[in-house]
Amino acid sequence: MKIFILIASSIFALAAFITTYLFQVTIGTVLFTFLYILIFLNGIYLKSDKEKVDIFRPYFLVSILLYLYSLAGIFYVNITGTTLYGDFVSDKSLTIFIWASLLTQFGISLGFLLQTRNFPTTIKVNSNDTKINDSEERYLLFFGFILSIAFSFFIYKNFLPSEAVSYAEWSLQSRLDRSQTNTSGISEIVLVTTPTILLICSLIHILFSYKYNFLLRVFSFLIIFLYLYTQLLSGARANLMITIILLATYINYKVYKFKFFEILLGGSFVYVSINLISLIRITSDPAEMIFLLFDQFSLSGLSFLSLERSSELLTSLNALTIIQGIAIGEQDFLYGKLFIQQILGFIPGFIWPGRPDFASVLYVKSFYPGIYESGGGFGFSVVAEGFWEFGLIGCILYGFLTGLVGEKVYQLFTPYKDRPMFIFLYALIFTRIVLLVHRSGLIASMKAALILSIPILFVIVIYKTIKILKNENEDSLDA
C-alpha cells in the first residue's frame with residue numbers, strides 16, 4: 001500500500017505538471033489538487049479495517065464531491081476574479097478558500113479514521129435470515145401500496161409527465177409557501193414524501209426480485225420510469241438523485257456489485273445529467289428542452305460541462321463570499337453560535353414559529369437580504385459553515401464531524417447490507433449526509449436525512465412493534 005501511495009502521488013504530480021502547461025491551469029490549482037489527493041489517499045491507507053473500496057461508503061463520495069465543488073470555485077475566480085454576483089474576490093481570499101477546502105478534507109479524513117479505529121468491528125446480525133427478510137418486505141410492500149393509494153390525490157401528479165410544472169414555476173412558490181406557514185413541511189412529509197418514497201422503494205424491490213410475476217416487474221419499471229421522466233420535466237434534481245441513489249444502492253448490495261469502470265461511467269452520466277437539467281429546467285415542455293439544448297450546443301458546444309460553468313458546483317463560491325465579507329469587516333466569525341442555532345432549528349416550526357435559521361437561510365439574510373425578501377435562496381456548504389464559525393480551525397472541526405458522522409452511519413448499516421428495508425433506509429440517509437452536505441451544510445443535511453428517512457423508519461417501527469407484541473403473546477401462551 002505504501003508503494004501504491006507513492007506511485008499514485010507521483011502520477012498525480014506529473015499529471016498536474018502537464019496540465020499546468022497544456023491547459024494553463026494555475027500552479028495554485030495544481031498544488032491544491034496534489035495536497036488534496038495526498039490527504040484523501042492517506043485516509044484510505046491509514047484506516048484500521050481491511051474492507052474493499054465501497055463507493056457507497058460516505059468518505060469516498062463526500063471527499064470526491066468536496067474536491068469538485070472546491071475546484072469549480074477556484075477555476076471560476078481564476079477566470080472572472082469575482083463571485084457569481086460580481087463581488088470582487090482578492091487573491092488573499094482565494095488563498096484562504098483553498099486552504100479552507102484542504103483543511104475541511106483534512107478534518108473529514110481525521111473523523112473517518114477516528115471512527116474506523118474506535119469501532120473496527122460491527123455487531124453481528126443474522127442478515128441472511130430469509131424469514132426476517134420476507135416479513136420485512138411484506139410490511140414495506142403493504143405500506144407502500146396502501147399509503148400510495150390512500151394519498152393518491154396528493155402524489156399522482158409526480159407520476160404524470162403531462163402534469164409536470166417547470167422548476168422556474170414551482171421552486172419560488174415552494175419557498176414562499178414554506179416561509180409563510182409553519183405546517184407546510186409536516187403536510188408535505190405526511191401527504192407526499194412518505195407515500196411516494198415507500199411506493200418507489202416497493203417498486204424497486206419488486207423490479208429486481210425474480211420471485212415476483214414478470215408482468216408485475218414490468219409494471220414496476222414503467223411506474224419508476226414515469227416518475228423519473230416527470231421529475232426530469234419538472235427539473236426536480238433532488239427527487240431524481242434520491243431515486244437514482246435508491247436504485248444504485250439496492251442494485252449494488254442486492255443484485256450486482258458495481259465495478260470501478262461502471263462507477264466511473266455512472267458518475268460521469270450523473271454529472272452530465274445534472275448540468276443538462278440546469279440548462280433546460282426553465283421549461284417543462286420536452287420540445288422546448290430539446291431546442292434549448294441545440295441552442296446551447298450551437299453557441300458554446302460542451303462548455304456547459306466545464307467545472308467553472310456548473311451552476312450546481314458553483315455554490316462553493318458562497319464560502320468565498322463569507323471569507324471576503326469577514327476580510328473587509330462586513331461580517332464576523334460566529335464562534336459556535338451558528339452550531340447552536342442550527343441545532344435549535346431541528347425544533348419543528350409549528351412548535352416554535354420563531355426558531356433560529358439554518359446556515360443557508362442566515363447566509364442569504366446576511367449577504368443578500370433583497371433576494372431573501374423576494375423568496376430566493378442559495379446553496380451552502382460545510383466549508384462555508386466551518387469557516388463562518390471559527391475560520392480555518394472551524395473548517396477542520398466541521399470536516400471532522402462530517403467524516404465521523406458519515407462513517408458511523410455506514411458502520412451501523414454494514415450488518416444489514418442484505419436486508420432491503422435497511423438498504424433503502426441507508427440510501428435515503430446517504431443522499432442527504434453525502435450529497436446535501438455540500439449544498440446546505442452539515443447540520444442542515446443531518447436534519448434533511450432525518451426527515452427523508454421518516455417513511456422507512458415508520459415501517460420499521462411498526463414492524464418491530466408488532467413483532468414484539470407477537471413474541472409477548474407467544475410467551476404468555478407458553479406460560
Side-chain angles (χ1 to χ4, degrees), residues 19 22-25 64-65 67-69 71-86 157-175 221-245 247-248 261-317 371 374-379 431 435 438-439:
T19 303
L22 290 183
F23 302 104
Q24 298 181 336
V25 177
I64 293 169
L65 288 175
Y67 173 72
L68 293 176
Y69 274 89
L71 200 61
I74 295 169
F75 281 168
Y76 187 87
V77 174
N78 282 338
I79 293 170
T80 66
T82 67
T83 64
L84 274 175
Y85 285 83
K157 291 183 180 180
N158 289 330
F159 297 84
L160 292 179
S162 60
E163 296 289 338
V165 179
S166 71
Y167 175 81
E169 295 178 62
W170 64 260
S171 61
L172 180 59
Q173 187 59 48
S174 177
R175 292 193 190 100
F221 170 80
L222 290 175
I223 298 299
I224 294 171
F225 175 80
L226 285 173
Y227 179 76
L228 288 171
Y229 184 52
T230 304
Q231 300 311 304
L232 173 64
L233 295 179
S234 299
R237 294 186 303 191
N239 291 342
L240 283 169
M241 284 307 305
I242 290 170
T243 309
I244 290 172
I245 293 295
L247 280 164
F261 176 75
E262 293 162 343
I263 293 171
L264 190 63
L265 193 63
S268 301
F269 170 77
V270 170
Y271 177 79
V272 172
S273 300
I274 291 297
N275 284 285
L276 280 175
I277 293 171
S278 299
L279 293 175
I280 62 178
R281 63 179 181 169
I282 60 174
T283 180
S284 59
D285 186 330
E288 291 182 9
M289 288 181 170
I290 294 173
F291 175 78
L292 287 170
L293 286 178
F294 276 109
D295 189 48
Q296 169 65 38
F297 292 145
S298 63
L299 288 174
S300 54
L302 297 175
S303 62
F304 71 94
L305 293 177
S306 60
L307 293 178
E308 67 274 12
R309 294 283 297 274
S310 172
S311 61
E312 169 64 30
L313 296 179
L314 289 178
T315 54
S316 60
L317 290 172
I371 293 176
S374 66
F378 283 86
T431 62
L435 304 184
H438 301 302
R439 290 282 295 149

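Counting from 1, the numbers follow the sequence of the chain as shown.
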Would you mind reporting whether Met241 and Thr431 have side-chain heavy atoms less than 4.5 Å apart? no
Under a 4.5 Å cut-off applied to non-hydrogen side-chain atoms, are Leu160 and Leu226 in contact? no
Between Gln231 and Asn158 (side chain of the first, backbone of the second, donor and acceptor by atom type, cut-off under 3.5 Å), is there such a pair? yes
Start with the C-alpha distance between Leu279 and Leu292, add both sets of side-chain angles, then the distance that settles side chain to side chain contact (heavy atoms under 4.5 Å, CB included), and finish with yes or no. CA-CA 7 Å; Leu279 293 175; Leu292 287 170; over 6 Å; no
Side-chain donor or acceptor of Tyr271 paired with backbone N/O of Leu305 under 3.5 Å: yes
Worked check of side chain to side chain contact (heavy atoms under 4.5 Å, CB included) between Tyr227 and Asn239: CA-CA 9 Å; Tyr227 179 76; Asn239 291 342; 3.6 Å; yes
Min side-chain heavy-atom separation Arg439-Thr315 under 4.5 Å: yes
Sub-4.5 Å side-chain heavy-atom contact between Met289 and Leu233: yes
Test side chain to side chain contact (heavy atoms under 4.5 Å, CB included) on Tyr76 and Leu84 and set out the steps. CA-CA 9 Å; Tyr76 187 87; Leu84 274 175; 3.8 Å; yes
Validation row: Val165, Ser284 side chains within 4.5 angstrom (heavy atoms): no
Kindly give the heavy-atom pair with the smallest separation between Asn275 and Ser310, and that separation in Å. OD1-OG, 2.9 Å
Which word best sums up how the rings of Phe225 and Phe221 line up, parallel for under 30°, tilted for 30 to 60°, or perpendicular for over 60°? parallel
Within the side chain of Ser298, is there an N or O that forms a donor-acceptor pair under 3.5 Å with the backbone of Asp295? yes
Is there a side-chain contact between Ile282 and Ser166 (heavy atoms, below 4.5 Å)? no
